[in-house]
Visitor: 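Input: one structure, supplied below.
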Amino acid sequence: MSDSGTSTSGSLLPMDLYNQVTAQGDKIRVLKSEKSPKEEIDAAVKLLLALKVDYKNVTGQDYKPGVPPADDMPTNRNGPSTPNDGDDFVDPWTVQTGSAKGVDYDKLIVRFGSSKIDQALIDRIERVTGQKAHHFLRRGIFFSHRDMHQVLDAYEKKKPFYLYTGRGPSSEAMHVGHLIPFIFTKWLQEVFNVPLVVQLTDDEKYLWKDLTLEKAYQYATENAKDIIACGFDVNKTFIFSDLEYMGKSPGFYQNVVKVQKHVTFNQVKGIFGFTDSDCIGKISFPAIQAAPSFSSSFPEIFKGRKDIQCLIPCAIDQDPYFRMTRDVAPRINYPKPALMHSTFFPALQGAQTKMSASDPNSSIFLTDTAKQIKSKINKHAFSGGKDTIEEHRQFGGNWEVDVSYMYLTFFLEDDERLEQIKQDYSSGALLTGDLKKILTETLQPMIAAHQERRKHITEETVKQFMMPRKLAFDF
């Protein structure tokens, strides 16, 4: 297994790579001292060797323990991965790709050491649940996993699991891309009938952004309304703010401290790229995102049980947090969390980056009016069409780079209609304006319905969801 990390020499400074190699060496010593399985040690050694090769490629020198690279050392690095580098760069804060088609997710699976969600797994989910797979699964929007077969094995034996997902509340207004993990998580919760915990990392946003604690918490409660408006059941769902819950839950904080004790500073620098100038809050934060992976963090829900596995649906950029968590879990006698990873929702301007809540024209927001939705799509949605109608009719459009088509893969549930749109656009029968009109007519009623549901969510409703309590499950 390769939960320990990935080689990303194209985007790291020499000191970052040095820290990665050092941390990986530390990890191998721990694995050996704990008499871990041979295949786990072999995988860790293989990664260490790859990191040493990266270090030599970047610095021109062999790695030597205790001899960090000089500050003025020349490197082969020319900045983060760019279109010319030919590689994608993905971490929890930055997504860069040189391709108009977006990130190469097959390469990302190899780099991150996860497994592809193949047709056999989709078929098994349908068999186990007795339900048709969600279109996010059928279309490869959720494309990668860790240990999903293990979750299904346990479920077939009537062993419980729970769902955990989250949101970093950086803005009062969420955009449609933020809905993707919640739409899918709601489906998982319904077909498996399991508890769900939703972490609002307002503490993270306070540490990373220019926000007051009060504003970060306000964003969290506003975002909670949008999450609740997705239709979650209050009897099966616990939503919590880190700033509020951690002070109320000894079990949660104890798990944070356990993770902190088992992850070194070198390891977090290697995994997340932290530097010596980052505040200590950032350096310790990954342990807070790890803690909800363990059932004993929620004693009201699970009655103190420590053995209930967690399944985390999230975007692939969050995987570094949970690779770290999965490495730590066996050392603190907890089951490793399983994961299902989604692709990135593209910005209106194209798939080269994920969207930003701070740029109003990069996305469709859940607060947008029907007129704003139409205007944004018409003005800003990147087109795969040709320059003239004549050329488009003759040669057809490129659906692989067209943002309107990409958005339809997320929100148009009818498989046959989506396939017909693809064929008509590729043949030139459907013009870019026609495609944008279809997207507009798909999103306008969906967002209007969301806004209507959200209008009826009161502060009291939010309090009910955010109160630590027993849910409708017996453990």
Visitor: Under the criterion side-chain contact (heavy atoms from CB on, under 4.5 Å), I'd like the reasoning laid out for Val128 against Phe192: C-alpha separation, chi angles, the key distance, then a yes or no.
Guide: CA-CA 9 Å; Val128 169; Phe192 286 105; 4.3 Å; yes
Visitor: Within 45° of the six-membered ring axis of Phe112 and under 6.0 Å from that ring's centre, is NZ or CZ of Arg323 located there?
Guide: yes
Visitor: With ring-ring contact (aromatic ring centres under 6.0 Å, His included) as the test, would you mind laying out the steps for Phe345 and Phe411 before giving the verdict?
Guide: CA-CA 11 Å; Phe345 194 82; Phe411 297 117; 5.7 Å; yes
Visitor: When you compare the side chains of Gln189 and Asn193, does any donor N or O come within less than 3.5 Å of an acceptor on the partner?
Guide: no
Visitor: So Lys116 and Asp106, salt bridge (charged side-chain N to carboxylate O under 4.0 Å, His left out) or not? Walk me through it.
Guide: CA-CA 8 Å; Lys116 191 177 180 68; Asp106 287 332; 3.1 Å; yes
Visitor: Got a salt bridge between Arg146 and Asp319, using NZ or NE/NH1/NH2 to carboxylate O under 4.0 Å?
Guide: yes
Visitor: Decide, yes or no, whether a salt bridge links Lys463 with Glu459 under the criterion of side-chain N to carboxylate O below 4.0 Å.
Guide: no
Visitor: Quick check: are there more than 12 heavy atoms from other residues, nucleotides or ligands sitting under 6.0 Å from CD of Glu416?
Guide: no
Visitor: Would you name the heavy atoms of Thr185 and Leu163 that are closest together and state the gap between them?
Guide: O-CD1, 3.8 Å
Visitor: Hey, what do you get for CD1 (Ile228) to CG (Asp233), rounding to the nearest 0.5 Å?
Guide: 11.5 Å
Visitor: Quick check: closest heavy atoms across Leu339 and Pro337, and the distance to 0.1 Å?
Guide: CD1-O, 3.8 Å
Visitor: With side-chain contact (heavy atoms from CB on, under 4.5 Å) as the criterion, how do Met148 and Met340 come out once you've worked through the C-alpha distance, each side chain's angles and the decisive distance to 0.1 Å?
Guide: CA-CA 7 Å; Met148 189 59 199; Met340 298 181 84; 3.8 Å; yes
Visitor: Going by distance alone, is a donor N or O of one side chain under 3.5 Å from an acceptor N or O of the other, for Asp26 and Thr264?
Guide: no
Visitor: Could you tell me whether the side chains of Ser241 and Asp202 share a donor-acceptor contact shorter than 3.5 Å?
Guide: yes
Visitor: Describe, in one word, how the ring planes of Phe274 and Phe272 are oriented to each other, choosing from parallel (under 30°), tilted (30 to 60°) and perpendicular (over 60°).
Guide: parallel
Visitor: For Thr129 and Ile125, indicate whether the former's side chain and the latter's backbone hold a donor-acceptor pair under 3.5 Å.
Guide: yes
Visitor: Establish, from distance only, whether the side-chain atoms of Thr367 and Gln451 form a donor-acceptor pair under 3.5 Å.
Guide: no
Visitor: For the side chain of Thr409 and the backbone of Met406, is there at least one donor-acceptor N/O pair under 3.5 Å apart?
Guide: yes
Visitor: Work out which heavy atom in Ile283 is nearest to a heavy atom in Asp278; give both atom names and the distance.
Guide: CD1-O, 3.7 Å
Visitor: Which class fits the ring pair Phe298 and Tyr245: parallel under 30°, tilted 30 to 60°, perpendicular over 60°?
Guide: parallel
Visitor: Between Asp307 and Lys159, is the salt bridge (charged side-chain N to carboxylate O under 4.0 Å, His left out) condition met? List the steps.
Guide: CA-CA 10 Å; Asp307 61 334; Lys159 291 183 179 177; over 6 Å; no
Visitor: Dump the intermediate steps for side-chain contact (heavy atoms from CB on, under 4.5 Å) on Thr442 and Tyr407, then the final yes or no.
Guide: CA-CA 10 Å; Thr442 301; Tyr407 277 32; over 6 Å; no
Visitor: Under 3.5 Å, is there a donor-acceptor pair between the side chain of Thr461 and the main chain of Ile457?
Guide: no
Visitor: Name the one of Lys27, His262, Lys336 that satisfies side-chain hydrogen bond (donor to acceptor under 3.5 Å, both in side chains) with Asp327?
Guide: Lys27
Visitor: So which heavy atom on Glu126 is nearest to which on Ala133, and how close?
Guide: OE2-N, 2.7 Å
Visitor: Which class fits the ring pair His175 and His178: parallel under 30°, tilted 30 to 60°, perpendicular over 60°?
Guide: parallel
Visitor: Please answer whether the main-chain N or O of Gln289 pairs with a side-chain N or O of Glu204 as donor and acceptor at a distance below 3.5 Å.
Guide: no
Visitor: How close do Met324 and Pro286 get, counting heavy atoms only, and between which atoms?
Guide: CE-O, 3.6 Å
Visitor: Does a donor on one side chain sit under 3.5 Å from an acceptor on the other, for Tyr334 and Ser296?
Guide: yes
Visitor: Does the plane of the ring in Phe161 sit parallel, tilted or perpendicular to the ring in Tyr155? Use 30° and 60° as the thresholds.
Guide: perpendicular
Visitor: Between Lys376 (side chain) and Ala381 (backbone), is there a donor-acceptor pair under 3.5 Å?
Guide: no
Visitor: With a 3.5 Å distance limit and no angle check, can you tell me whether Tyr162 reaches the backbone of Ser293 through a side-chain donor-acceptor pair?
Guide: yes
Visitor: Any donor-acceptor pair under 3.5 Å linking the side-chain atoms of His450 with those of Asp226?
Guide: yes
Visitor: Could Lys269 and Phe265 be counted as a cation-pi pair, given that NZ or CZ must be under 6.0 Å from the ring centre and within 45° of the axis?
Guide: yes
Visitor: Let me know which of Phe252, Tyr217, Tyr164 forms a ring pair (Phe, Tyr, Trp, His ring centres under 6.0 Å) with Phe240.
Guide: Phe252
Visitor: Is the side chain of Arg417 donor-acceptor paired with the backbone N or O of Glu413 at a distance under 3.5 Å, no angle test?
Guide: no
Visitor: In terms of side-chain geometry, is the basic nitrogen of Asp474 or Lys303 positioned less than 4.0 Å from the acidic oxygen of its partner?
Guide: no
Visitor: So how far is it from Leu179 CG to Leu366 CG, rounded to the nearest 0.5 Å?
Guide: 4.5 Å
Visitor: Tyr206 and Lys215: side-chain donor and acceptor closer than 3.5 Å?
Guide: no
Visitor: Looking at Gln20 and Gly270, would you say the former's side chain and the latter's main chain have a donor-acceptor pair under 3.5 Å?
Guide: yes
Visitor: Between atom NZ of Lys205 and atom CG of Leu207, what is the distance when rounded to the nearest 0.5 Å?
Guide: 10.5 Å
Visitor: When rounded to the nearest 0.5 angstrom, what distance separates CG in Leu137 from NZ in Lys132?
Guide: 12.0 Å
Visitor: Over all heavy atoms of both residues, which pair between Ser144 and Ser114 is shortest? Give the atoms and the distance, please.
Guide: OG-OG, 2.7 Å
Visitor: Return yes if some donor-acceptor pair links the side-chain N/O of Ser249 with the main-chain N/O of Met246 below 3.5 Å, else return no.
Guide: no
Visitor: Going by the ring pair (Phe, Tyr, Trp, His ring centres under 6.0 Å) test, which pairs reach into residues 120-140, not counting sequence neighbours?
Guide: His134-Phe136, His134-Phe184, His134-Trp187
Visitor: Between Val176 and Phe410, is the side-chain contact (heavy atoms from CB on, under 4.5 Å) condition met? List the steps.
Guide: CA-CA 10 Å; Val176 286; Phe410 285 88; over 6 Å; no
Visitor: Taking NZ in Lys261 as the centre, count heavy atoms belonging to other residues, nucleotides or ligands within less than 6.0 Å. Is the count above 12?
Guide: no
Visitor: Would Glu222 and Arg454 pass as an ion pair if we require N to O under 4.0 Å?
Guide: yes
Visitor: How many angstroms lie between CZ in Phe322 and SG in Cys314, if you round to the nearest 0.5 Å?
Guide: 5.5 Å
Visitor: Pairing donors with acceptors under 3.5 angstrom, does anything connect the side chains of Glu190 and Gln131?
Guide: no
Visitor: Does a salt bridge link Asp203 with Lys282, judged by any charged N lying under 4.0 Å from a carboxylate O?
Guide: no
Visitor: After noting the C-alpha distance and the side-chain angles of Arg124 and Asp118, does the key distance pass the salt bridge (charged side-chain N to carboxylate O under 4.0 Å, His left out) rule?
Guide: CA-CA 10 Å; Arg124 187 179 179 199; Asp118 55 16; over 6 Å; no
Visitor: Taking Ala173's backbone N and O only, do any of them form a donor-acceptor pair with Ser171's side chain (distance below 3.5 Å, no angle check)?
Guide: yes
